[in-house]
Amino acid sequence: MKQIKTLVLVAVVYMSSLVTVNAQAAKTAHVDVSEIVSKMPAMLDAQKQLEKLSGTYDTEYKTMVEEYQNKLKKYEQEATTVTDAVNETRSKEVQDMQKRIVDYRDNAQKELQQKESDIVKPIMDKVKASIQKVGKAKGFQYVLNSEGLLLADGPNLTADVKKDLGF
């Protein structure tokens, strides 16, 4: 009976040491993806492109709205001096303009979102590949994004990833 207890005790100690070794073997580091992305030259260029495109859409939209408001104002002022047929035609014209404005705004938003996706995805893929490359080169099994971490006491690979990306 004493031998069984000793054997069980040895097995428990052995198993707990394996768990400790496995826990230590899983090396973990963290990286601040937001910091990297926000300072990447490629991302800064992408933001400029998107701002320029957005500005173009905004200018066109404002022009359309201004034209609509001017026409509406003119039609309201002349409504009592023209025939019902003319007023009806003008009403349809104003409704068509409203629809074109709404359609333009919706299409511009979709195109802007698609353009953002087209520009940002390759940049994010490059960041991910760099994080994987640096993490593997430094012997880490897990690299976490430090944004959501409550405690980030381990190695920080942010500077290494920036260096790998060339900035």
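All heavy atoms count here, side chains included; hydrogens, waters and symmetry mates do not. Nothing fancy with the numbering, it's 1 onward along the sequence.
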Peer 1: Just verifying a value: how many Å separate E78 CD and R90 CZ, rounded to the nearest 0.5 Å?
Peer 2: 4.5 Å
Peer 1: Would V33 end up clustered with M43 when hydrophobic side chains under 4.5 Å apart are linked, directly or stepwise?
Peer 2: yes
Peer 1: Taking all non-hydrogen atoms of both residues, which atom of D160 and which atom of N156 are closest, and how far apart?
Peer 2: OD2-O, 4.4 Å
Peer 1: Kindly say whether D164 contributes a backbone atom to a donor-acceptor pair with the side chain of S130 at under 3.5 angstrom?
Peer 2: no
Peer 1: Show, in sequence, the C-alpha distance, side-chain angles and deciding distance for Q69 and V65, and conclude whether the side chain to side chain contact (heavy atoms under 4.5 Å, CB included) test is met.
Peer 2: CA-CA 6 Å; Q69 289 172 340; V65 168; 3.7 Å; yes
Peer 1: So if you build clusters from Ile, Leu, Val, Met, Phe, Trp, Tyr with side-chain heavy-atom gaps below 4.5 Å, do M97 and V86 land together?
Peer 2: no
Peer 1: Between the side chain of S91 and the main-chain N/O of N87, is any donor-acceptor distance below 3.5 Å?
Peer 2: no
Peer 1: Donor-acceptor pair, distance only, cut-off 3.5 Å: does the side chain of D32 make one with the backbone of S146?
Peer 2: no
Peer 1: How long is the span from the CD1 atom in I119 to the CG atom in D45, to the nearest 0.5 Å?
Peer 2: 10.0 Å
Peer 1: Give the cluster check for V31 versus M124: same hydrophobic cluster or not, with ILVMFWY residues linked at side-chain heavy-atom distances below 4.5 Å.
Peer 2: yes
Peer 1: Does the cation-pi check pass for K27 over F140, that is, NZ or CZ under 6.0 Å from the six-membered ring centre and within 45° of its axis?
Peer 2: yes
Peer 1: Check the hydrophobic clustering (I, L, V, M, F, W, Y; side-chain heavy atoms under 4.5 Å; chains of links allowed) and say if L72 and M64 are grouped together.
Peer 2: yes
Peer 1: Look only at the side chain of S117 and the backbone of Q113, and say whether a donor-acceptor pair between them is shorter than 3.5 Å.
Peer 2: no
Peer 1: Can you list the steps and then say if R100 with D96 is a salt bridge (Lys or Arg N to Asp or Glu O under 4.0 Å)?
Peer 2: CA-CA 6 Å; R100 280 196 318 258; D96 288 344; 5.7 Å; no
Peer 1: Going by distance alone, is a donor N or O of one side chain under 3.5 Å from an acceptor N or O of the other, for D118 and Q114?
Peer 2: yes
Peer 1: What distance do K99 atom NZ and Q95 atom CD have between them, rounded to the nearest 0.5 Å?
Peer 2: 12.0 Å
Peer 1: Do the side chain of T89 and the main chain of A85 share a donor and acceptor less than 3.5 angstrom apart?
Peer 2: yes
Peer 1: Salt bridge or not for K110 and D106, using N-O below 4.0 Å?
Peer 2: no
Peer 1: Atom CD1 in I36, atom OG1 in T158: separation rounded to 0.5 Å?
Peer 2: 5.0 Å
Peer 1: If I take atom CD1 from residue I123 and atom CE from residue M40, how far apart are they, to the nearest 0.5 angstrom?
Peer 2: 6.0 Å
Peer 1: Kindly give the heavy-atom pair with the smallest separation between S38 and L44, and that separation in Å.
Peer 2: O-CD2, 3.4 Å
Peer 1: Check for me, please, whether F167 and L157 land in the same ILVMFWY cluster - side-chain distances under 4.5 Å, paths through other members count.
Peer 2: yes
Peer 1: What is the distance from atom CG of L112 to atom CG of N107, rounded to the nearest 0.5 Å?
Peer 2: 12.0 Å
Peer 1: Show, in sequence, the C-alpha distance, side-chain angles and deciding distance for V102 and R105, and conclude whether the side chain to side chain contact (heavy atoms under 4.5 Å, CB included) test is met.
Peer 2: CA-CA 5 Å; V102 169; R105 184 195 65 213; 3.9 Å; yes
Peer 1: Do V143 and V161 pass the side chain to side chain contact (heavy atoms under 4.5 Å, CB included) test, and can you show the C-alpha distance, the side-chain angles, and the key distance before you say yes or no?
Peer 2: CA-CA 11 Å; V143 179; V161 173; over 6 Å; no
Peer 1: Mind telling me whether Y61 and Y104 have parallel, tilted or perpendicular rings, with 30° and 60° as the class edges?
Peer 2: parallel
